[in-house]
Amino acid sequence: MIVLAFIELFLRAIDYKPTPPLFIESAHIPGYLQPNEDVIYRYFPRPELAPQVSPDTQYFLKDKPVDSFRILIQGGSTAAGFPYGRWGSLSGMLQQRFKRIYPDKQIEIINTAMASVNSFTLLDFVDEVIEVKPDLVLIYAGHNEYLGVMGVGSAYAFRGGYTANLLYLTFKDVKIYRLVESIYYDLFATNLNDQIEKEGGHTRRTLMANIAKEKDIVFDSKLYWQGVEQFTQNMQLILDKYRQNNIPVVLGNLVSNEKDFIPFSAITSPDNQAMKRFQQGQQALDQKRFPKAQSLFKQAIDLDTLRFRAPSEFNKIIESFIQGENVYLADVDAKVRNDSPDKLIGNQHMLEHLHPNVRGYFMLSEAFLMSMYKNSLIPKFTRAVETKLDVDKAWQEQPVSKSDSYYANFKIKGLTSDYPFTLTPKAIEIPTDKSLEAQALRWREKGQSWLKINQQLLVEYQKQNDYLEAAKIAGLLADALPKQFQSNFAAGMLYKQVGNWALSEHHLLKAIRLKPQEINARLSLAQIYFSQSELEKSMHLLKEVKSLQPAHPKIDSLINMVNRSQ
């Protein structure tokens, strides 16, 4: 034991194979943290064995401000916003809503979600989440429980079952374990490419094609109930840790495409029980027996042996947790159903089997927003609630740009061109049309960053006089670059130009905080307040301009104009 202790201390002293942390300091913005794009590697002895997934890059203050409100999101690919990325995700949709609801408040939304992970990863992240002091945690997870990393039927499953996985989460940070693991792979993984293939590592096929190992997990089988037990126990451990630290949690129940997507297992076995239930559901739908159709479609998902969609049992588990203290339900299922004429979930809200389209993501975020509001988990609104919760207005302001939507459709074509959507992989051609969105896609496929592409798009949309889309792009750039004055000022001015006073106010206020000596943002915001008859606020800003530039040629006449209107 003494020898092992010395070896462990020595390995720690030289920082042998450090575990990638969940959050790292930003190399670009001093004083800010960001989710670590390499965090998935902590679960694999070599990076080549890991799926190519990572949380989105976003920055937040290392030292949490006293007057800020911090929300952290956990989950899989849907919580991450696939295929739209950050702006279509729960975090992006909520951030856009909060601009209108709280234009003058500092609300941070940190998204740690990524594709392919399940409750084991969420559990492993909890202590690091607690360290960044969130005021609220939002969780949307469950679809990856069988085929995600450490899932019971996944190519990325570890040997030994649930207890072995928990032990792995405990010992993976021990240096001696990492040393023994490395020696094992050096000795026995003589052909790394074969080992990658054996372990289900990254190939040129899609992540879903790589990840499926146990292709048949029969309903009510031992493996099926192992997945249920895994989800139940891990979520209970997660909630207990947050409860002990007095951090409220909002859990979203799960939705997937029930009426417009056949069971995966029917692709290889067209006459199986899942497909029969699905066909019966279609017949009930044709007869407008909607409750019966819903019941049959749920049975079809439960009986689908290729489990890329969570069975209905998981929503029962999620709802059972709501009985606990400090845990609340975001009823995503009800919100999406109520947005559908027949109360059934299909292509109106889904892109394929479970990833929402823009409308679907919008309704998912609305479910979480309503839960936070009704349970008093977010700050009280400072203006009329009816205005702030205007769903139709919010939908018009949804943050997914034309180019991001175009790129997302291309990614979905790629996903659905391979297993399990088809038995024979198909090549996908990059679009060649001359639209600005297609050009942005080609830039992206050549390796240009989202940031650089959207800076170019901002210029091009203004040249095309598409100021509404230019305002949206400017707002997204401002959100991506929290310390940059120019992006916020540009967003504020463009939103003002298209008559969106609320979003203009948000960005101009942020610009003023970033550059207190700048007067143009104050003058523009004073004009907005004046047009909205908020004369005290307008006067306050004009007096600030007067103190900063007493000789400004127009300031006295502007102050007199406000005085006459009072």
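No donor-acceptor distance shorter than 3.5 angstrom exists from the side chain of S371 to the backbone of F368, with no hydrogens or angles considered. Between the side chain of R309 and the backbone N or O of N257, at least one donor-acceptor pair lies under 3.5 Å. The backbone N or O of D331 sits nowhere less than 3.5 Å from a side-chain atom of N253 that would complete a donor-acceptor pair.
Residues F125 and F23 keep their aromatic ring centres 6.0 Å or farther apart.
For Q58, there are no side chain to side chain donor-acceptor pair (under 3.5 Å) partners two or more places apart in sequence or in a different chain. For S524, the side chain to side chain contact (heavy atoms under 4.5 Å, CB included) partners at least two apart in sequence or on another chain are M493, K496, L508. With sequence neighbours left out, H507 forms a side chain to side chain donor-acceptor pair (under 3.5 Å) with K99, N488. Taking E258 as the reference, R337 meet the salt bridge (charged side-chain N to carboxylate O under 4.0 Å, His left out) condition, with sequence neighbours excluded. In this view, N409 satisfies the side chain to side chain donor-acceptor pair (under 3.5 Å) rule with no residue, not counting sequence neighbours.
Cation-pi check for R444 over Y407 is met; the charged atom lies under 6.0 angstrom from the ring centroid and within 45 degrees of its normal.
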Just distance, no hydrogens or angles: give the donor-acceptor pairs under 3.5 Å from side chains in residues 465-478, sequence neighbours left out.
unit_1 : atom_1 : unit_2 : atom_2 : d
N465   : OD1    : Y467   : OH     : 3.2
D466   : OD1    : E469   : N      : 3.3
D466   : OD2    : K402   : NZ     : 2.7
E469   : OE2    : K402   : N      : 2.7
K472   : NZ     : Q398   : O      : 2.9
K472   : NZ     : V400   : O      : 3.2

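With 3.5 Å as the limit, one finds no donor-acceptor pair spanning the side chains of E536 and Y529.
Annotation: H552, atom NE2; neighbour count of heavy atoms from other residues, nucleotides and ligands within 6.0 Å is above 12.
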